[in-house]
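First up is the structure itself, then whatever we jot down about it.
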Amino acid sequence: MKTIERRSFLSLVSNAAIGSALFPAFSLAHQYSQQLKPVSDGTCWLDVCAPFIIQDSALGIDSEIVLTADNFVGATGYADGADATEYQIYLYDFEGNPLGENGVARGLIAQAMRTTVISVAELVGPRKSFWGGMKVRLRPKTRTPSHASDLFSSAFVRWKSRDSFTNVHANPDPLQWQRADSFFYSMPFPPLDDYDCLYSLFNPYAERSAGALTLYDQFGATIKELAYDLKPHSSMLVDLRNAEYARSLDDTFNGKRKVDANRSGKHGGTIAVTNRQGSVKNFGYMLIRHAGTSRFSIEHPIHQPPYNPTPAKVPFDTAGRFKAQNILYTPLVFRSKKIGGITLDSRFHLSSGAPVEEALWLNPFITDADGKVVWQTGDGSKLPASIPERQIERGAIKLRGQQSCIFDCARADLPKGFSGGLSLAISPLSNHTLMKVEVTVSEWNARAFTHFRPGLAAARLYQKPSSRAGLGTDYIVAGACLSAHENAMVRDEIIAVINIDDKSIAGNPTLEVFTSSGLAARVRLGEVPAYSCRHYLLSALLSGKIGAHDLSLRLVDDKATLLMSVLHLDYARRDIAADHGSDRFSTFSEFTCDPRA
């Protein structure tokens, strides 16, 4: 198999380092030359939102809130108990009614890296059926006053049923975004012949949120547009397969699947939400359930200001080489790979959303555990047949606005038993959350969804704050667990690490494991060569027992720039969940105490 020439590969990575994966989400309404605001001194409350909380005994679904309290100063500022995070949890039912005294369902202070889990059943009390939205406010109480360093890893929601479990982080709602203005967000959805998808919208504000939700097919044609008008703090549900608002949560979960449902999304598509100018925005999660099963996963989009795209440009130089503006990453590439007694496969749901130009170009390549590029577009290999020919041009994927496609590893030229990482070179700049990852376990008929990680330019920005203490890597994952019963595994973790450093620096990372009591273990993972992607089983890394605790995982490296994602394995439920991981400083420079947009 032909592989990319090393010098060309390094050039591609280096050129992409000038782009910022955060740009489309946070600053597209401004000029490319816009400078970051200076980080403000002092501390303040910042918000995150989780738009789909379910606590329903009839449906057999319980929800939990997982708090990491990952705000601390320095590389080991969690160790002496001097740093903590204060939380306030606001919970609203689907009609917008608040729970708790004075509207606060729970307030607490958590010591740094002391994993805290709160049962939603405790907050809703004797109710047997609850669904709605949640807002979490957080404020660091650190030795040096500061705002939250990473809103993506501060609070998570975990859903559990008898047969399934899944988790996702709450989405940031920074002060800069808390205004009545037009916002846009979108995400791809999987083929609706195979999946039932339920989308929840939540308005966390005291004003109404009005606008339109639009469903597109894989080629960007409109399937249906639905108007919405959410009263303060309320929620509503959209059944994507039927392209209509759901009457109730119970009907959606227990209702009979319609054979004659709208089939325009049978190959997947895009859901897009635009709130009306002068109206506040809302937040959304998508519940994804494979047809005929009770297992489900939950994924999310992220906001960006709306804008008018510029004319399409062809991102190739005179020699025909792809000129990337950024590279997005995932370490979750599997082709019939056996790890921990289960067989893993991957496919990727790629979408353009509303690109800054009329078309988004994507040029994927795959690296192995040694950093070798084993698959690439162009001369080396053809794109999988799962991608329509009309979305391929000059050997690259070309998606116009609101288009999507599926990159299926089982249909790519990858050997069985392969695991590695996918790098997605893109032009123009785009949002990493538009690129979704689906991992399946064949023995369990189980699936989990998550999304890609931002590129190197974003990582370099995260490395700048002084309170990071110069670490090249500082990555967080929540909701992990390691437990066994009678020598049989009940819960385990697959830890995926990819080296994206453009200086060819080999990583030598340490994995730190935290419980509700603090640091429980520290493990050296060994060398992670430049551009390589490696996978580890947590049970194989830890020699001592740490008990069946809820765990937070932290990956640190002094010099190399690494990314970490995790697959949570539940052998009792025969299900998996995914966490893409987040840098502990991913929002520190962008989302400050300055409310000016």
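Every value quoted in this text rests on a predicted model; they were computed, and no experiment measured them. Just the heavy atoms: all of them, side chains too, but no hydrogens, waters or symmetry mates, feed the values below.
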Under the ring pair (Phe, Tyr, Trp, His ring centres under 6.0 Å) criterion, do His349 and Phe449 qualify, and how do the steps go? CA-CA 10 Å; His349 303 262; Phe449 285 79; 5.7 Å; yes
For Arg247, look at atom CZ and say whether over 12 heavy atoms of other residues, nucleotides or ligands are found less than 6.0 Å away. no
Under 6.0 Å between ring centres, would you say that holds for Tyr199 and Phe52? no
With a cut-off of under 6.0 Å to the ring centre and 45° to the axis, is Arg390 in cation-pi contact with Phe219? yes
Using the test side chain to side chain contact (heavy atoms under 4.5 Å, CB included), find all partners of Pro384 that sit at least two apart in sequence or belong to another chain. Trp375, Ser386, Ile387, Phe407, Arg411, Ala412
Parallel under 30°, tilted from 30 to 60°, perpendicular over 60°: which one fits the rings of Tyr285 and His300? tilted
For Gln178 and Asp47, which I'm curious about, is there any donor-acceptor pair between the side chains at under 3.5 Å? yes
Looking only at atom types and distance, does a side-chain atom of Gln376 sit under 3.5 Å from a main-chain N or O of Asn363, one as donor and one as acceptor? no
Does Trp361 use its side chain to pair, donor to acceptor, with the backbone of Ala324 at less than 3.5 Å? no
Name the orientation class of the two ring planes belonging to Phe585 and Phe588 (parallel below 30°, tilted from 30 to 60°, perpendicular beyond 60°). perpendicular
Would you call the rings of Phe283 and His303 parallel, tilted or perpendicular if under 30° counts as parallel and over 60° as perpendicular? perpendicular
So, is the end of the Arg321 side chain (NZ or CZ) under 6.0 Å from the ring centre of Phe316 and within 45° of the ring's axis? no
Whether the side chain of Asp345 engages the backbone of Ser336 through a donor-acceptor N/O pair (distance < 3.5 Å, no angle test) should be reported. yes
Exercise answer: donor-acceptor pairs, residues 205-215 side-chain atoms, under 3.5 Å, sequence neighbours excluded:
| unit_1 | atom_1 | unit_2 | atom_2 | d |
| --- | --- | --- | --- | --- |
| Tyr205 | OH | Asp173 | OD1 | 2.9 |
| Tyr205 | OH | Asp173 | OD2 | 2.7 |
| Tyr205 | OH | Lys281 | NZ | 2.4 |
| Arg208 | NE | Asp229 | OD1 | 3.0 |
| Ser209 | OG | Val280 | O | 2.8 |
| Ser209 | OG | Asn282 | ND2 | 3.2 |

Over 60° means perpendicular and under 30° means parallel, so tell me whether His432 and His451 are parallel, tilted or perpendicular. tilted
Using 30° and 60° as the class boundaries, would you call the ring planes of His169 and His580 parallel, tilted or perpendicular? perpendicular
Got a donor-acceptor contact below 3.5 angstrom from the Arg241 side chain to the Leu192 backbone? yes
Between the main-chain N or O of Gly284 and the side-chain N or O of Ser200, is there a donor-acceptor pair closer than 3.5 Å? no
Take Phe296 and Trp159, measure what ring pair (Phe, Tyr, Trp, His ring centres under 6.0 Å) needs, and give me the verdict at the end. CA-CA 9 Å; Phe296 59 90; Trp159 299 261; 7.4 Å; no
Got a sec, which residues hit side chain to side chain contact (heavy atoms under 4.5 Å, CB included) with Ser419, two or more places apart in sequence or on another chain? Phe334, Lys337, His535
State whether a side-chain donor-acceptor pair under 3.5 Å links Asp250 with Ser248. no
